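Everything quoted here is computed from the prediction, not taken from an experiment.
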Amino acid sequence: MKEFEIVCPLNREPKEKEIAARAGGMRWVLRKRSIDSRKEPVWRYRYEAYGPDEPIEEFRPEEYRDVHDAPKVIVVGAGPAGMFAALKLLTLGLKPVVLERGKDVHSRKADMARLSREGTVNPDSNYCYGEGGAGAFSDGKLYTRSSKRGDNREVLHQLVKFGASPAILIDSHPHIGSDKLPGIVENIRTCVTAHGGEYHFESRVVSIDRADNGEWCVKTADGARYTASKVILATGHSARDIYEMLAGKGGALEAKGFAMGVRVEHPQEKINWCQYHGKWQNGMPTAEYSFVEQQDGRGVFSFCMCPGGILVPSSTVEGTVVLNGMSNSARSGKFANAGVVVQIEPEDIPGDSPMRLMDFQLRVEREMFEYSAAAQIARDAVKSPGATFHPLMAPAQRMEDFCLGKMSKTLPATSYFPGAVSAPLHSLLPPIVADRLRKVFPRVKMRNYCTNAALLLAVESRTSSPVRIPRDDQTLEYVSMKGIYPCGEGAGYSGGIVSSAIDGIRCAVAAAQDII
């Protein structure tokens with residue numbers, strides 16, 4: 001086997017004759033495609049060529065088995081970790097019983113529309129809760145390429161099987177799109193139920209206790225009870241009630257570092273111009289960016305960059321303002337947005353409660369809400385013409401004004417439907433966040449990144465869980481309850497769709513050890 005690379009302009013793909021010539025008559029396979037914009041923007045295509053007696057390495061997902069009459073494993077949560085745990089259980093011959101507090105992926109759309117339009121928060125059905133989890137409506141970026149915890153090919157190939165573009169198998173920054181993900185999520189559920197698994201929606205778990213027969217009994221808010229010897233806990237990064245339920249039973253929890261900051265929104269044309277050195281043309285991929293800096297002992301980095309995307313409200317409780325971003329598959333919107341966030345570690349927040357970072361997170365989210373409400377009331381008192389009130393309007397500030405510590409007299413247009421209200425984010429955000437952001441923004445190595453054409457909206461606070469549910473390194477069981485497998489972002493062991501899915505697969509394999 002030999003490897004070779006072909007470099008092309010962004011407006012064309014390699015021709016088959018060109019590839020065959022480089023392969024020297026050998027069979028060839030495209031393995032990776034990436035954009036290199038360090039100088040003249042180009043595509044880089046990486047290939048493998050195989051001789052006549054060499055087998056071409058291919059990944060083949062395992063077959064799903066009929067599990068109608070198989071032993072049950074309860075899976076709490078239908079986000080990436082829960083869905084891929086359920087699929088893995090099918091291959092192992094076990095019956096997944098998926099309990100999801102929210103609604104199915106299509107029904108939850110009405111609640112998200114109401115959240116954006118009216119500011120009405122359904123605590124069980126929103127951008128964080130519901131089938132598909134937070135990832136179903138936050139772009140579907142699949143950036144995890146590390147194989148330290150498992151084979152990411154198992155995740156990517158299954159996503160393609162259920163409807164994703166095969167391009168995700170070769171792209172360096174694979175992306176599905178929030179318009180495509182709901183169909184994929186529904187196809188996964190259809191597969192699970194067709195093979196004998198179960199899905200139960202609007203089934204919020206309120207307790208997990210030992211049954212008389214020694215199995216675990218999981219009770220939901222509607223009074224239903226489900227029993228099994230093993231439970232995979234894949235509840236997502238915002239399920240505060242699950243942490244409180246475990247703590248109430250004497251279960252161990254740990255404070256865990258997370259990150260907090262703002263969503264930064266630029267006109268997409270400015271990012272295109274910058275990243276392609278002024279040479280962007282129609283038909284070229286929409287430009288994206290990422291950066292990592294160190295400031296005062298903490299990382300400051302871009303997160304969840306959404307080219308051609310929009311900003312959405314991600315509150316899970318009333319009286320808070322939380323933002324996230326999403327893009328459709330075409331990435332054709334007028335704006336680019338990204339979270340730019342600061343690492344916050346347990347030692348940064350005084351106290352010894354394992355929930356103290358989550359309490360800090362909630363306090364900041366409430367402060368954003370309270371500022372926005374007060375500012376809108378003050379604005380309406382002077383009868384501002386054309387002004388409308390929205391409970392989830394976001395405090396916002398132009399980037400240069402933020403760095404200089406002055407209020408923005410006007411705000412640029414934004415994709416955030418509830419709207420924005422001018423705010424002194426330089427003093428409204430916690431100093432451990434604001435001070436570092438003010439120092440880093442001018443240092444970002446992108447021309448015209450730090451500009452008053454860029455809008456900062458607060459707060460971006462749901463980057464990952466601020467709590468970890470500790471588990472045994474070998475068995476993956478909860479240290480306080482044998483037979484319970486904390487999993488994914490909510491357990492504090494992953495961040496993002498692919499890493500959560502990989503962790504779900506690992507926990508499914510671990511849970512099956514004593515059953516099959």
Side-chain angles (χ1 to χ4, degrees), residues 237-238 240 243 253-265 290-305 314-317 319-325 337-372 374 394-408 420 422-444 449-450 454-468 489 492 495:
H237 59 43
S238 297
R240 184 186 184 99
Y243 302 131
L253 296 175
E254 298 172 353
K256 173 187 156 292
F258 76 118
M260 175 182 285
V262 294
R263 294 302 297 193
V264 177
E265 189 169 60
S290 66
F291 64 85
V292 179
E293 298 281 347
Q294 288 291 318
Q295 184 62 54
D296 301 332
R298 291 288 178 263
V300 180
F301 56 95
S302 61
F303 171 85
C304 185
M305 200 274 156
S314 288
S315 299
T316 55
V317 295
T320 61
V321 171
V322 186
L323 280 81
N324 201 348
N337 73 76
V340 179
V341 293
V342 178
Q343 282 181 307
I344 298 174
E345 298 298 337
E347 57 266 30
D348 296 329
I349 308 300
D352 55 10
S353 167
M355 298 285 286
R356 67 185 183 278
L357 274 74
M358 188 165 242
D359 292 339
F360 170 78
Q361 178 190 63
L362 179 61
R363 184 168 67 250
V364 175
E365 294 169 357
R366 290 198 184 283
E367 287 170 353
M368 298 304 114
F369 176 88
E370 291 164 2
Y371 181 91
S372 174
Q397 192 171 12
R398 293 178 184 265
M399 186 182 286
E400 282 185 298
D401 291 343
F402 172 77
C403 294
L404 294 172
K406 66 179 186 179
M407 285 281 286
S408 297
S422 185
L425 295 183
H426 57 276
S427 59
L428 185 60
L429 288 168
I432 58 174
V433 174
D435 293 350
R436 289 181 171 92
L437 290 177
R438 292 175 70 186
K439 295 173 183 175
V440 163
F441 281 135
R443 298 209 314 264
V444 175
Y449 183 83
C450 187
L455 185 64
L456 314 183
L457 301 96
V459 61
E460 164 64 89
S461 55
R462 302 296 178 91
T463 53
S464 64
S465 173
V467 180
R468 176 174 285 118
E489 285 203 31

pair Glu460-Ser314: side-chain heavy atoms closer than 4.5 Å: no

Side chain to side chain contact (heavy atoms under 4.5 Å, CB included) between Phe441 and Val264: does it pass, once the steps are laid out? CA-CA 10 Å; Phe441 281 135; Val264 177; 4.0 Å; yes

Heavy-atom closest pair (Gly325 atom, Asn337 atom, distance to 0.1 Å) is CA-OD1, 3.5 Å

Do Phe301 and Val341 have side chains that approach each other closer than 4.5 Å (heavy atoms only, starting at C-beta)? yes

Non-hydrogen atoms of Gly261 and Val459 that approach each other most closely: O-CG2, 3.3 Å

Minimum heavy-atom distance Pro346-Ala255, with the two atoms named: CG-O, 3.8 Å

Okay, side chain of Ser315, backbone of Thr320: is any donor-acceptor separation there less than 3.5 Å? yes

Are Pro424 and Tyr371 close enough that some pair of their side-chain heavy atoms sits under 4.5 Å apart? yes

Taking the side chain as every heavy atom from C-beta outward, state whether Val317 and Leu362 have any pair of such atoms under 4.5 Å apart. yes

Taking Ser461 for its side chain and Gln361 for its backbone only, find out whether a donor-acceptor pair lies under 3.5 Å. no

Is Val433 close to Ile344 at the side-chain level, that is, under 4.5 Å between some pair of heavy atoms? yes

Could you check whether the rings of Phe291 and Tyr449 sit parallel, tilted or perpendicular, using 30° and 60° as the cut-offs? perpendicular

Is there a donor-acceptor contact under 3.5 Å from the side chain of Arg263 to the main chain of Leu323? no

Can you measure from CE (Met407) to NE2 (His426) and round to the nearest 0.5 angstrom? 8.0 Å

State the CZ-CE distance between Phe360 and Met260, to the nearest 0.5 angstrom. 4.5 Å

When you compare the side chains of Arg240 and Thr316, does any donor N or O come within less than 3.5 Å of an acceptor on the partner? no

Check the pair Ser290 / Met305 against side chain to side chain contact (heavy atoms under 4.5 Å, CB included), numbers first and verdict last. CA-CA 7 Å; Ser290 66; Met305 200 274 156; over 6 Å; no

Short side-chain to backbone donor-acceptor contact, Thr463 and Ala259, under 3.5 Å: yes

Rounded to the nearest 0.5 Å, how far apart are CG of Leu437 and CG of Leu429? 7.0 Å

Is a salt bridge present between Glu489 and Lys256, judged by a nitrogen-to-oxygen distance below 4.0 Å? no

Minimal heavy-atom distance between Ser408 and Ser422, with the atoms involved, is O-OG, 2.7 Å

Please identify which of these residues, Glu293, Glu347, Glu345, meets the salt bridge (Lys or Arg N to Asp or Glu O under 4.0 Å) condition with Arg298. Glu347

So, taking the atom named CD1 in Ile349 and the one named CE in Met355, what distance separates them when rounded to the nearest 0.5 Å? 14.0 Å

When rounded to the nearest 0.5 Å, the distance separating CZ of Arg356 from CZ of Arg363 is 12.0 Å

May I have the step-by-step check of side chain to side chain contact (heavy atoms under 4.5 Å, CB included) for Phe402 and Val262, ending in yes or no? CA-CA 11 Å; Phe402 172 77; Val262 294; 5.9 Å; no

For the residue pair Ala396 and Leu455, what are the closest heavy atoms and their distance? CB-CD1, 3.9 Å

The reported gap from SG in Cys403 to CD in Gln397 (rounded to nearest 0.5 angstrom) is 8.5 Å

Does any N or O in the side chain of Arg468 come within less than 3.5 Å of the main-chain N or O of Gly492, such that one atom is a donor and the other an acceptor? yes

Under 3.5 Å, is there a donor-acceptor pair between the side chain of Arg436 and the main chain of Gln295? yes

Would you sort out whether Met399 and Cys450 count as a side chain to side chain contact (heavy atoms under 4.5 Å, CB included), showing the intermediate values? CA-CA 6 Å; Met399 186 182 286; Cys450 187; 3.9 Å; yes

